[in-house]
Visitor: 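Before anything else, here's the structure in question.
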Amino acid sequence: MALNSRLTEALADRYRIERELGAGGMATVYLAQDLKHDRKVAIKVLRPELAAVIGAERFLSEIKTTANLQHPHILPLFDSGVASSMPTAESPNRPIAEFLYYVMPFIEGESLRDRLNREKQLPIADAVRIATEVAGALDYAHRHGVIHRDIKPENVMLHDGRALVADFGIALAASKAGGSRMTETGMSLGTPTYMSPEQAMGEREITARSDVYALGCVTYEMLIGEPPFTGPTAQAIIAKVMTSEPVGLTSQRKSVPPAVEDAVLAALEKLPADRWPTAAAFVSALEGQGGVTRPRATSATRVPVKKWSSKSPWPWAIAFGLAALAAAWGWLHSGPPVTAPAVVRFELQPAPG
């Protein structure tokens, strides 16, 4: 029996599954009707192999942390649980199927990925606004001890003119519950295109600065039209993440303000200590607020060049001085030509013995 049928059966007493909305690396999303509250919801069901790694008890324990996040730019969590599809009289020998799932509001809108697919590049004001709203959600979550670990355009919903960050739950639960066993399934937490270098290296201790890096990648893509690092395979992308520097923004889009370029490039530093310490600091830098200094300069940052005014006397004074020095040098070293000395050749006859 198909997965959708087993799932429909398992959730029939609470939700009526209508159709599949999409599938990602760790979960499949379904549109459903909440029978108790008579409302549309989105149900995310973990992939069977991931559910087996995490385990139901640990997943439900960790997902509670997400349920406590209350912020205007965080998509709330309605419900979570384990649904089972048991053998029936018609199929008494079929195995029991368990589904780990959680339920969120169904957003009448689109994801940031949908908008980027349609427009490729966003107006600078829109990109900065969306980045600011996502950063606000991240800053709130970080102050409550929650790291998202998988910020990407697919997890940013656009609803009624504002951004909503989704999917705090899966990466958090998988990282804490799955641990090193994730590698046994060939699955990884995060998306290579937006994965920080430390996350790509498989470090267990991931900090808020990893989310800042991912948001820097998303902001870069909103402004330029593609992420800072791309490649044909996940391995090729990760290699660039580890070794390459991102191309400056203004060299690709001249209308990007210097403060925005500086903020994004600092967010993309290889070392966590060289990035903005918080999502709030990233926002302040994006807005060009005074008193905010980047951790350190990057080679990709453009260097401002001083332009001389045609009315300024300094260029002419410098040119005159250089000409005078050249003339003095020539005068001091002038004189009659030096002739080469005559060459004298002779032989030495050694004494006998």
Visitor: Does a donor on one side chain and an acceptor on the other come within less than 3.5 Å for Asn68 and His144?
Guide: no
Visitor: State whether the number of non-hydrogen atoms from other residues, nucleotides or ligands found under 6.0 Å of Lys40 atom NZ is greater than 12.
Guide: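 Buried by this count: over 12 neighbours within 6.0 Å.
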Visitor: Which residue in the set Leu215, Leu122, Thr219, Val218 passes side-chain contact (heavy atoms from CB on, under 4.5 Å) when paired with Ile130?
Guide: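 Of all the options given, the one that passes is Leu122.
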Visitor: Is there any side chain to side chain donor-acceptor pair (under 3.5 Å) pair reaching into residues 221-235, and which pairs are they, with sequence neighbours excluded?
Guide: Arg113-Glu221, Tyr194-Glu221
Visitor: Show the numbers, then the answer: is there a side chain to side chain contact (heavy atoms under 4.5 Å, CB included) between Ile74 and Gln70?
Guide: CA-CA 7 Å; Ile74 293 180; Gln70 304 293 326; over 6 Å; no
Visitor: Residues in side-chain hydrogen bond (donor to acceptor under 3.5 Å, both in side chains) with Arg39, at least two apart?
Guide: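 Scan of Arg39 (side-chain hydrogen bond (donor to acceptor under 3.5 Å, both in side chains), adjacent residues dropped) gives Asp34.
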Visitor: Measure the CD-NE2 distance between Glu133 and His71 for me, rounded to the nearest 0.5 Å.
Guide: 9.5 Å
Visitor: Is the closest side-chain donor-acceptor distance between Thr191 and Asp150 under 3.5 Å?
Guide: yes
Visitor: Does CE in Met242 sit with more than 12 non-hydrogen atoms of other residues, nucleotides or ligands closer than 6.0 Å?
Guide: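 Atom CE in Met242 is packed in, count exceeds 12.
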Visitor: Starting from Met157, can I reach Leu21 by hopping between I/L/V/M/F/W/Y residues whose side chains sit under 4.5 Å apart?
Guide: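 No, Leu21 and Met157 fall in different hydrophobic clusters.
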Visitor: With side chain to side chain contact (heavy atoms under 4.5 Å, CB included) as the criterion, how do Val29 and Ile43 come out once you've worked through the C-alpha distance, each side chain's angles and the decisive distance to 0.1 Å?
Guide: CA-CA 6 Å; Val29 190; Ile43 301 179; over 6 Å; no
Visitor: Give me the ring orientation class for His148 and Phe168: parallel if the planes are under 30° apart, tilted from 30 to 60°, perpendicular past 60°.
Guide: perpendicular
Visitor: Hey, what's the ring geometry for Tyr102 with Phe59, parallel, tilted or perpendicular (30° and 60° as the breaks)?
Guide: tilted
Visitor: Between the side chains of Lys270 and Asp274, is the shortest nitrogen-to-carboxylate-oxygen separation below 4.0 Å, so that they form an ion pair?
Guide: no
Visitor: Does the side chain of Glu261 come under 3.5 Å of the side chain of Thr250 through a donor N or O and an acceptor N or O?
Guide: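 Distance-only check passes for Glu261 and Thr250.
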Visitor: Considering residues at least two apart in sequence or located in another chain, which fulfil the salt bridge (Lys or Arg N to Asp or Glu O under 4.0 Å) criterion with Asp126?
Guide: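 For Asp126, the residues satisfying salt bridge (Lys or Arg N to Asp or Glu O under 4.0 Å) (neighbours in sequence not counted) are Arg115.
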Visitor: Show your working on side chain to side chain contact (heavy atoms under 4.5 Å, CB included) between Val45 and Leu100 and close with a plain yes or no.
Guide: CA-CA 6 Å; Val45 182; Leu100 303 185; over 6 Å; no
